[in-house]
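Everything below concerns the one structure shown next.
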Amino acid sequence: MNLKLLLPLLFFIINSVFAQNTKTENLLFDKTLKKDSILVEFSELYNLTNTIHPGQFMFCTKNEFNKTYLSLKKSIKTDLSIIEYYKLTATLMAKIKDGHTAVDRAQIISLLKERLVFPFSIYKINDNYYLGKTTDTNKDFIGLQVLKINGKEIKSVVKEIEKFIHLEGRNETGLNTRFKNFPFYYFVLNQTNQFEIEYLDQNNHKKKQKFNGITFETHTQNISEKIEPLTTEFRTNNLAILKFHSFENGYNEKDRKIAEKQLDDFFIQLESLKTGNLIIDLRDNSGGAAEMANYLFSYLTDKTFYYFDYVGAKYNTVKEWKHFAQYPENIEEINLNETKQKYELNCYTATDAADYWWFEQQQNKPNYYKGKISVLINGGCFSTTGHLLALMREYKIGKFYGEYSQGSNYSNSGGQAFVLPYSKTLVWIPTFQYKMKTPNFQYDPKGIKPDIEIQIKPNDLKTKFDRQMDYVIKIIEENK
């Protein structure tokens, strides 16, 4: 090979890669967002939120929200970088304490791919924090308790990060869902690529270890899992397991029909075998199509039922803010002649051509399940999954095991992102509040509490032992 030709080529490639990385660094950290324009836009975000968010003051008073807004606005003294502005806007949105209200992370994530970040996910167990998913190189540290990161107490680190993380109400268990992406949130807090972790080893001795960062793309691969939305299994003729990882397979008709057929076949087999015990695993099901949850519930109850009580909006018209929407054509004008005032919202409570079944009486299936139902839940249960759990509680169906859900008998949603005009930042702000028809449901701002709480153990993070499922199966076997 001609080295005279090869060396210049290698030099060109190295310099091209360096230039690309430098450009990405500049986009992340250069103060490209001008102070005066940001001040105007931040006020627009504040006004937009005040205009449309249906649950804005459920967990945060108007005074608290205004105080946070004015404090953050006052902190804008210079031009800002993308990272700085993300933290600012995310902090304002997180103050509302609504799981559907957030600043979109996609812009920053697209710039983070080759950036070195913290090499572990983090998992909270009983007020302590443990090292989670990582690379094979660091796998021996999985399950060890974290004490400090770069000299700062882990609880202080988490307290700072929680200021710009969106969780529902007073819920705590949902933090583990967010902290699968702990490297992202730590990066927003501290942009270093070298990490000294103080931890407790297996013998409970304090140790320190220095770690190099891993690329964010590597981290994304570490936490990604290919899981089917719906799976079924017969452990024995007397024990079946239904795992619903997501209700998103109900958003288009083709996938919904496939899932419905899968449920039909499963419940036919349950009846044929007279299977006495059914475990429904809803852990980490963050929601999806109401049609799917409604269809599943029709197999679990022996009664007719209703799904939504109301769908309510805070605003009277969309004219003044619709243009902010990412897809304004998807936002329809509200018809005040068809709504009723409830909880200071304009609420739809009766069916029409647009929402068809939402408020109509629902019919249970003739071959509804008649055996014992055990339900596994955790902080990843959100939105539509919370709605399903609320229905099950309302109708006294099943026994819940695991951890508090994040979702409950309502949600503020609407599936709309809004584009801030100057920075082009995407912000998710709910346009409707959806409330289930569950008049006897006992609401808890922390989420839906399991009948029996089962917390995982730190070593389960390493061994991948499913402690919660194992517990329920043993209970069933003991009660044969």
Side-chain angles (χ1 to χ4, degrees), residues 109 112-113 115-162 165 172-190 192-227 243 245 281 283-284 286 376-380 402-404 453-471:
I109 287 175
L112 268 183
K113 287 184 179 179
R115 173 77 190 188
L116 298 181
V117 297
F118 189 77
F120 295 90
S121 293
I122 294 290
Y123 202 96
K124 183 181 180 182
I125 303 174
N126 296 328
D127 292 327
N128 293 315
Y129 298 89
Y130 298 85
L131 296 173
K133 291 186 177 181
T134 186
T135 59
D136 285 342
T137 304
N138 299 326
K139 65 182 179 181
D140 290 342
F141 294 90
I142 295 174
L144 298 180
Q145 184 181 339
V146 188
L147 302 176
K148 294 180 181 179
I149 300 176
N150 288 339
K152 190 168 184 177
E153 298 281 349
I154 183 63
K155 290 185 179 180
S156 296
V157 171
V158 170
K159 189 175 181 180
E160 286 298 307
I161 290 175
E162 282 181 319
I165 281 187
E172 298 175 3
T173 57
L175 192 66
N176 284 328
T177 302
R178 301 284 180 263
F179 274 2
K180 290 177 183 177
N181 262 313
F182 182 85
F184 172 86
Y185 295 110
Y186 189 79
F187 176 81
V188 173
L189 187 68
N190 184 348
T192 185
N193 57 21
Q194 296 289 319
F195 308 93
E196 182 181 77
I197 300 177
E198 185 174 322
Y199 63 95
L200 292 179
D201 69 10
Q202 298 285 9
N203 299 313
N204 223 32
H205 295 147
K206 287 185 180 180
K207 295 283 183 70
K208 289 182 180 180
Q209 180 74 31
K210 290 185 177 179
F211 294 88
N212 293 322
I214 61 174
T215 65
F216 188 78
E217 191 168 29
T218 299
H219 159 69
T220 302
Q221 292 168 356
N222 289 341
I223 65 171
S224 64
E225 297 178 290
K226 291 184 178 179
I227 303 175
K243 292 186 178 183
H245 184 71
D281 187 355
R283 290 173 297 176
D284 295 320
S286 61
L376 288 171
I377 64 173
N378 66 4
E403 306 164 22
Y404 263 97
E453 291 191 62
I454 308 166
Q455 182 62 267
I456 74 167
K457 302 293 184 183
N459 199 50
D460 298 344
L461 298 171
K462 178 181 287 189
T463 63
K464 300 181 180 179
F465 173 59
D466 192 342
R467 185 170 302 274
Q468 294 159 338
M469 178 67 79
D470 182 72
Y471 179 92

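Treat the numbers as computed from the prediction; the structure is a model and nothing was measured.
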Could you give the distance from CD1 (I456) to CG (N176), rounded to the nearest 0.5 Å? 7.0 Å

Atom NZ in K206, atom CD in E198: separation rounded to 0.5 Å? 5.5 Å

Mind checking whether E172 and L175 have side chains closer than 4.5 Å, heavy atoms only? no

Closest non-hydrogen atoms of V117 and P183, given as atom of the first, atom of the second and distance, are CG2-CB, 3.7 Å

Quick one, I149 and K152 - any side-chain contact, counting heavy atoms below 4.5 Å? no

Please identify each residue that fulfils side chain to side chain donor-acceptor pair (under 3.5 Å) with N193, with sequence neighbours left out. none

For residues 118-133, which side-chain donor-acceptor pairs fall under 3.5 Å, sequence neighbours excluded?
residue : atom : partner : partner atom : Å
S121    : OG   : K180    : O            : 2.8
N128    : OD1  : Q145    : NE2          : 3.4

Closest non-hydrogen atom pair between R115 and F187, with its separation: NE-CE1, 3.3 Å

Identify the heavy atoms of H245 and R283 that sit nearest to each other, and give their distance. ND1-O, 4.1 Å

When rounded to the nearest 0.5 angstrom, what distance separates CG in L147 from CD1 in I154? 9.0 Å

Nearest heavy-atom pair of Q209 and Y199: which atoms, and what distance? CB-CE2, 3.8 Å

If I take atom CD1 from residue I214 and atom CD from residue Q221, how far apart are they, to the nearest 0.5 angstrom? 9.5 Å

Here's a test for you: under side-chain hydrogen bond (donor to acceptor under 3.5 Å, both in side chains), which of E403, E453, Q455 qualifies with Q468? E403

Could you please spell out the steps behind the ring pair (Phe, Tyr, Trp, His ring centres under 6.0 Å) verdict for F211 and F141? CA-CA 11 Å; F211 294 88; F141 294 90; 5.0 Å; yes

Which word best sums up how the rings of F182 and F179 line up, parallel for under 30°, tilted for 30 to 60°, or perpendicular for over 60°? perpendicular

Please round to the nearest 0.5 Å and tell me the distance separating atom CG of D140 and atom CG of D201. 12.5 Å

Checking N181, V157, V158 against Y186 for side-chain contact (heavy atoms from CB on, under 4.5 Å), the one that qualifies is V157

Nearest non-hydrogen partners of L200 and N204, listed with the distance: CD1-OD1, 3.4 Å

To the closest 0.5 Å, what do you measure between OH (Y404) and CG (N378)? 14.5 Å

Nearest heavy atoms of F195 and N212, plus distance in Å: CD1-C, 4.4 Å

Whether the side chain of K113 engages the backbone of T215 through a donor-acceptor N/O pair (distance < 3.5 Å, no angle test) should be reported. no

